[in-house]
Trainee: 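Have a look at this one.
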Amino acid sequence: MPSTPNQPEPTAPQPSNDVAPSDATELTLKDVGEDGVLEQIFSVLQAQSAHPPAQPPADPETHPTSASNPVAGPGDLIVGPGDDAAVSHTPGNLVSSVDILTEGADFLPEWFDPYRLGVKAAAQNLADICSMGANPHGLLFALAAPDGTPVNTVRLLAQGLSDEAARGGATVIGGDLSSSACLTSTVTALGFIDRDLVPVTRSAAKPGHDVFLAGTVGWAAAGLALLFAGVRLGDDPHLDPFIEVQLAPRPDYESVQNLATWASAGIDASDGLAGDLGRVARASGVRIRLDETAIDRLAEPLLPAAEHLGTPEAAREWVLGGGEDHGFLVCAPAGSAPVGWTRIGACEEGQPDVLVGDHSAADSAYKHF
Ligand SMILES: Nc1ncnc2c1ncn2[C@@H]1O[C@H](COP(=O)(O)OP(=O)(O)O)[C@@H](O)[C@H]1O
Ligand SMILES: Cc1ncc(C[n+]2csc(CCOP(=O)(O)OP(=O)(O)O)c2C)c(N)n1
Ligand SMILES: [Mg+2]
């Protein structure tokens, strides 16, 4: 039976290879020009494909995701970055998604960390592909940045993106550059699903299904609250893991391998567990009842962060309402989830809703506007 969800390892992801920052370290995008920036990005991506990524140590007890055994992606890249478009030899049906990270809405300059932002840009897109039951293949990296941005910032971004892509079984296959008043990274992810498999959509939950979680929920929200309160990585080792998940979420890609063979409906929890399940409930026409004991269990590890901020009740709120960990939520027949998944509730007949006790939480998803 599925047990405790995987805990993120507290170790920070680090740039994986020994690419020298080059003599362009102090130079800006304006100094080197568009071709110069591209050269820098390509050198990071090429070094990446020459060296398999070094992985932060994972504790197999708490983090079954085998970081040292990246998920193998489908398809072969025939033409990579540097031409008008990438060309891939691909199996299966195409699965595609895009997500934006923008200064102000998704991170603040006060805690901007380019390597980790690259990881986050890859993770949030790979999670969308995986939650459909597909295998990631490639990422397209569109970057708009002020012309005074250091070139090394872009190198680190590309490296974080590329390292996390490798962890998810994908590669960076192209992108675009533009100048802008503030930094915006837009990543498009492409993946594939076997033609004989049914994609895991939001609309296929049925009364009688159990609801399962792989990965974490609430850690990124705790990290965000800490960052807003002025806490930074390195200030307190007990708080670092939360900030780490906010800055560089690392979804449990291993658990979603073969998802389409056993799960019916699914979503990655980017906007909050209850709100995202609300989307599943509405799309499927089911009522989801969450197990309060499971929610309390998920809240427990967040208590150090909540107590640090003087708001112990926040732990539960982060679990139900916090996004950005990119934990995976699926609805599937009881008993069908493999090891690594935790049962957190069930689907039943009724008005579409997400119930925690008597409380409806279906409309709590994070909204940009
Ligand atoms: N600007 C847009 N144009 C077309 N479709 C969009 C746009 N923005 C969002 N969507 C679609 O709306 C749905 C919900 O988007 P979103 O909330 O961003 O999903 P997710 O949390 O999976 O990233 C997705 O299918 C997405 O493709
Ligand atoms: C400065 C700042 N404010 C707020 C947040 C919180 N936040 C931003 S986006 C988001 C939800 C997910 O983002 P979205 O871009 O909508 O991802 P999607 O649902 O499309 O996958 C949250 C909780 C943050 N990370 N940084
Ligand atoms: Mg989106």
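Both backbone and side-chain heavy atoms feed into the values below; hydrogens, waters and symmetry mates do not. Indexing begins at 1, ligand by ligand and atom by atom, following the structure's order. All figures in this text were calculated on a predicted structure; none of them were measured in a lab.
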Trainee: Could you list which atoms of ligand 1 come closer than 4.0 Å to a heavy atom of D128?
Mentor: 22 (O), 23 (O)

Trainee: Other residues, nucleotides and ligands only: do more than 12 of their heavy atoms fall within 6.0 Å of CG on L303?
Mentor: yes

Trainee: Kindly confirm or rule out an N or O of E324 lying under 3.5 angstrom from an N or O of ligand 2.
Mentor: yes

Trainee: Given that the side chain starts at C-beta and the backbone is N, CA, C, O, which of these parts of D276 lies under 4.0 Å from ligand 1, counting heavy atoms, or is it both or neither?
Mentor: neither

Trainee: Determine whether a donor-acceptor pair (N or O, by modelled atom type, separation under 3.5 Å) exists between the side chain of H209 and the backbone of K206.
Mentor: yes

Trainee: Closer than 4.0 angstrom, basic N to acidic O: yes or no for E244 and R250?
Mentor: no

Trainee: Hey, is ligand 1 close enough to D268 that some N/O pair sits below 3.5 Å?
Mentor: no

Trainee: Could you list which atoms of ligand 2 come closer than 4.0 Å to a heavy atom of D271?
Mentor: 11 (C), 12 (C), 13 (O), 16 (O), 19 (O)

Trainee: Find all atoms of ligand 1 within a distance of less than 4.0 Å from any non-hydrogen atom belonging to S270, and give their numbers and elements.
Mentor: 21 (O)

Trainee: Using a strict threshold of under 4.0 Å (side-chain N to carboxylate O), is an ion pair present between R167 and E164?
Mentor: yes

Trainee: Nearest non-hydrogen contact with atom 22 (O) of ligand 1 belongs to which option: R202, R279, Q124, H326?
Mentor: R202

Trainee: Pair up each side-chain donor or acceptor in residues 269-283 with any protein partner under 3.5 Å, not counting sequence neighbours, and list the distances.
Mentor:
residue	atom	partner	partner atom	Å
D271	OD2	R279	NH1	2.7
D276	OD1	R279	NH1	2.7
D276	OD2	S270	N	2.9
D276	OD2	D271	N	2.8
D276	OD2	G272	N	3.3
R282	NH1	D363	OD1	3.3

Trainee: Looking only at the aromatic ring of each residue, does the gap between the centers of H326 and F328 stay below 6.0 angstrom?
Mentor: no

Trainee: Could you list who else is in L140's hydrophobic cluster, with ILVMFWY side chains joined at under 4.5 Å, directly or through other members?
Mentor: L77, L94, I173, L190, F192

Trainee: Judged on heavy-atom distance to atom 26 (N) of ligand 2, which of D106, D99, T102 sits nearest?
Mentor: D106

Trainee: Could you list the atoms of ligand 2 found under 4.0 angstrom from a heavy atom of L224?
Mentor: 4 (C), 5 (C), 6 (C), 24 (C), 25 (N), 26 (N)

Trainee: Below 4.0 Å from ligand 2: does a non-hydrogen atom of K367 turn up there or not?
Mentor: no

Trainee: Does K367 approach ligand 1 within less than 4.0 angstrom via side chain, backbone, both or neither, non-hydrogen atoms only?
Mentor: neither

Trainee: State the atoms of ligand 2, each with its element, that fall below the 4.0 Å cut-off from a heavy-atom position in A105.
Mentor: 2 (C), 3 (N), 4 (C), 5 (C), 8 (C), 24 (C), 26 (N)

Trainee: Any non-hydrogen atom of H368 lying under 4.0 Å from ligand 1?
Mentor: no

Trainee: So, do L117 and F112 sit near enough that their side-chain heavy atoms are less than 4.5 Å apart?
Mentor: yes

Trainee: State whether the shortest distance between N or O atoms of Q124 and N or O atoms of ligand 2 falls below 3.5 angstrom.
Mentor: no

Trainee: If you count the atoms of ligand 2 from 1 in the order shown, which ones are under 4.0 Å from a heavy atom of L108?
Mentor: 1 (C)

Trainee: Show your working on side chain to side chain contact (heavy atoms under 4.5 Å, CB included) between L139 and L126 and close with a plain yes or no.
Mentor: CA-CA 8 Å; L139 300 181; L126 294 167; 3.9 Å; yes

Trainee: For the backbone of L227 and the side chain of R232, can you confirm whether one donor and one acceptor N or O come within less than 3.5 Å of each other?
Mentor: yes

Trainee: With the threshold set at under 4.0 angstrom, would you say G104 reaches ligand 2 through any of its heavy atoms?
Mentor: yes

Trainee: Going by distance only, is there an N or O of H326 that falls short of 3.5 Å from an N or O of ligand 2?
Mentor: no

Trainee: Do L197 and P199 make a side-chain contact, defined as non-hydrogen atoms from C-beta onward lying under 4.5 Å apart?
Mentor: no

